[in-house]
2 protein chains.
Amino acid sequence: MDVAHSGVLEVGIPVACRSCQARHGVVCGVLSSGQLKDLGRHSLRRKVDAGCEIIAQGSESSYYSNIMRGVVKLCKVMPDGRQQIVGLQFAPDFVGRPFVRESTLSAEAATDAEICVFPRNLLDRMISETPELQRSLHDQALKELDAAREWMLTLGRRTAEEKVASLLHLIATHAEPQTATSTAFDLPLSRAEIADFLGLTIETVSRQMTRLRKSGVIRIENFRHIIVPDMDELERMISA
Amino acid sequence: MDVAHSGVLEVGIPVACRSCQARHGVVCGVLSSGQLKDLGRHSLRRKVDAGCEIIAQGSESSYYSNIMRGVVKLCKVMPDGRQQIVGLQFAPDFVGRPFVRESTLSAEAATDAEICVFPRNLLDRMISETPELQRSLHDQALKELDAAREWMLTLGRRTAEEKVASLLHLIATHAEPQTATSTAFDLPLSRAEIADFLGLTIETVSRQMTRLRKSGVIRIENFRHIIVPDMDELERMISA
DNA sequence: CGCAAACTTTGATCTAGATCAAATCGCGAT
DNA sequence: ATCGCGATTTGATCTAGATCAAAGTTTGCG
C-alpha cells in the first residue's frame with residue numbers, strides 16, 4: 001500500500017471517542033514526507049458501517065477524514081434520482097474538502113470502514129506548518145483527476161462488457177491478495193453500485209458478469225468474491 | 001474572466017519566438033496572489049492553429065503552457081481509435097504536467113489559440129520561491145476535478161438530449177458575450193469533437209441540435225454560432 | 001426452523017442511439 | 001462563377017443495452 005503521500009499512521013494513544021461512546025478511537029497522525037504530527041485529541045478514529053454517509057451532498061462539512069481501512073464511494077445524485085458514482089477511494093486517501101471544491105458530491109462508506117476524522121482548521125494549520133503537505137494534497141488531487149479522466153473514457157466510449165472488465169481491473173489493482181498467477185478479491189460494491197459506477201443497469205451488469213464467468217475470465221463465489229485466473233486476459237479486454 | 005488563481009499577465013517585452021521564426025512572442029509573467037514574476041526569455045508567447053497538438057499522448061513533455069486566448073481540449077484515444085475528450089480548458093488555465101500525472105492524455109488547440117510556453121524547471125523554481133503558487137495549482141486541479149466529475153454524471157446518466165444541452169450550457173458559461181436576456185457564443189468544437197466529448201456519434205449530436213433548434217431553445221447560425229434566447233430553459237433541461 | 005425482504009440472475013421485449021447511406025451546405029481553390 | 005471536398009444534416013434500418021417481469025439466492029429475524 002502506497003503511503004508516500006498524504007498517508008496516515010496511528011500513533012496509538014487510546015482516547016475516548018466522542019461520537020460513539022461505546023467504542024474507542026485512537027489518536028492519529030498525518031504523515032507527510034516522513035514527518036509525523038501528533039494531532040492530539042482533535043482527531044479520532046471511528047468505525048463506520050457500509051452505507052454510512054461521511055459527507056452529505058450539498059453540505060458544507062467542516063471535517064476531513066482519512067481512510068484507514070475500507071472503501072469509500074463518491075456519489076452524485078440528480079433531483080430525479082439518477083445516480084452516478086464518480087470515484088472510489090481506498091486507504092490511505094483523504095476524503096473531504098481539499099478534494100471537493102463544490103459541494104455537489106456525497107461520500108459514503110461502500111464497505112465497513114475505519115476513518116480518522118479531524119476538523120478542517122486543523123488541516124489548515126498543518127498545511128501552514130508543513131508546506132510540503134500542500135504538495136502532497138496536490139498530488140492526491142492529481143491522482144484523482146487522472147482516475148476521473150480514465151473513467152470518463154470508460155463511461156463515454158467503452159461497451160458494457162469492457163466497462164465491467166474495467167471495474168474488475170480497477171478493484172483488482174487496489175485490493176490485491178494475489179498469488180503468482182491469479183488474483184482474488186472481494187467486490188466492495190453491490191451490483192446496483194457497480195451499475196451506478198459504470199452508467200449501466202443492474203441487469204446489464206449481471207449479464208456481463210455471467211458472460212465473463214462463462215467465458216472463463218473470472219470465477220465468482222458468493223456474488224462478491226471474484227477470482228481472476230489470468231489478469232492479462234482481463235487487461236486485453238479493456239484496451240483493444 | 002477569473003484571474004484570481006494561476007493567472008497570467010503579459011509583461012509586454014517583445015522577444016523573438018524560437019519555434020516560429022516569422023512571428024514574435026512576448027515575455028509573460030505568472031501572477032500569483034498579486035505577485036508578478038518576470039520570466040525573462042524563458043517564457044514566450046506563441047500562436048497555435050486549431051488542431052495543433054500542445055502535448056502528445058504518451059509523451060513526457062518538459063514544458064508547461066498557459067492559455068492566453070482560445071480553447072484547448074484534453075483528449076484520450078484508445079488503440080482502436082475510439083476517442084474521448086476529457087476536458088476543455090479556457091484562458092487563463094494552465095496546461096501541462098502539474099495537472100496530468102500519467103501521460104495518457106493529449107492536449108490540442110480546439111480553436112486558434114495563443115499560449116504562453118515555459119520550461120518545466122521554471123515552474124518548479126517559481127513554486128519554491130512563491131509557496132502560494134502551490135496552493136493556486138491545487139485550486140486549479142480541484143476545479144478540474146469537479147468539472148471531470150460533473151462530466152462523469154453527464155456521460156453515465158444523462159440522455160443524448162441532456163448531454164447536448166449540458167455541453168451548450170458549459171460553453172455558454174465559459175464564453176459569454178451575453179445580453180440581459182439572451183446569450184450568444186461560437187462553439188469551439190466541431191460536431192465530431194462534440195460527439196467525442198459527449199460519448200455520442202456525430203449523427204446523434206446533429207439530430208439533437210436540430211431538435212433543440214426546432215423546439216426554440218437555441219438558434220443556430222453557420223453551424224458554429226449559437227444563440228440561447230432563454231438560458232433558464234436550457235438549464236431546466238439538464239437538472240430534471 | 002421458516003418466513004420475509006433484499007439482492008441477484010435470467011428471460012422476453014422495447015427503444016434510444018448506433019450504423020449505414022444519401023443528400024446538402026459552405027468554403028477555398030481554380 | 002463553378003468545382004470539389006470536408007462538414008453537416010437527414011433518412012432508413014439495426015442493435016446494444018434498457019425496461020418489464022419472473023424466478024432463484026442469501027441473509028436476518030422472530
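Note on naming: letters A, B, ... go to the chains in the order of the sequence lines (proteins, then strands), and numbering restarts at 1 for each one.
For R207(A), the side chain to side chain donor-acceptor pair (under 3.5 Å) test picks out no residue, with sequence neighbours left out. Residues passing the side-chain contact (heavy atoms from CB on, under 4.5 Å) test with A192(A) are S190(A), I202(A), sequence neighbours excluded. For S106(A), there are no side chain to side chain donor-acceptor pair (under 3.5 Å) partners two or more places apart in sequence or in a different chain. For R191(B), there are no salt bridge (charged side-chain N to carboxylate O under 4.0 Å, His left out) partners at least two apart in sequence or on another chain. Judged as a side chain to side chain donor-acceptor pair (under 3.5 Å), and not counting sequence neighbours, E203(B) has no contacts. Taking T154(A) as the reference, R158(A) meet the side chain to side chain donor-acceptor pair (under 3.5 Å) condition, with sequence neighbours excluded.
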Review point. How does protein reach along nucleotides 23-29 of chain D, written 5' to 3' as B (base within reach of a heavy atom under 4.0 Å), S (only sugar-phosphate), or - (no contact)?
Key: ---S---
Review point. Which letter, B, S or -, goes with each nucleotide of nucleotides 11-18 of chain C from 5' to 3', with contact meaning a protein heavy atom under 4.0 Å?
Key: BB----SS
Donor-acceptor pairs are to be reported for all side-chain atoms of residues 67-78 of chain A against protein atoms at under 3.5 Å, with residues two or more places apart or in another chain.
from	atom 1	to	atom 2	distance (Å)
R69(A)	NE	E114(A)	OE2	2.9
R69(A)	NH2	E114(A)	OE2	3.1
K73(A)	NZ	E108(A)	OE2	3.4
K73(A)	NZ	E193(A)	OE2	2.6
K76(A)	NZ	T104(A)	O	3.4
K76(A)	NZ	T104(A)	OG1	3.1
K76(A)	NZ	E150(B)	OE1	2.9

Determine all donor-acceptor pairs shorter than 3.5 Å in which one atom belongs to a side chain in residues 214-222 of chain B; sequence neighbours excluded.
from	atom 1	to	atom 2	distance (Å)
S215(B)	OG	R211(B)	O	3.2
S215(B)	OG	L212(B)	O	3.2

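R213(B) has its CZ atom 12 Å from the P atom of dC25(C), to the nearest Å. As rounded to whole Å, 12 Å separates atom P of dT9(C) from atom CG of L212(A).
Remark: T210(B) is in phosphate contact with dT10(D), judged by side-chain N or O atoms under 4.0 Å from OP1 or OP2.
With the end axes of the helix from dC1(C)-dG30(D) to dT30(C)-dA1(D) each set by five pairs, the angle from one to the other reads 30° at 10° resolution.
Residue pairs meeting the ring pair (Phe, Tyr, Trp, His ring centres under 6.0 Å) criterion with at least one partner in residues 198-223 of chain A, sequence neighbours excluded, are absent.
Closest approach of A195(A) and T201(A) over heavy atoms only: CB-C, 3.6 Å.
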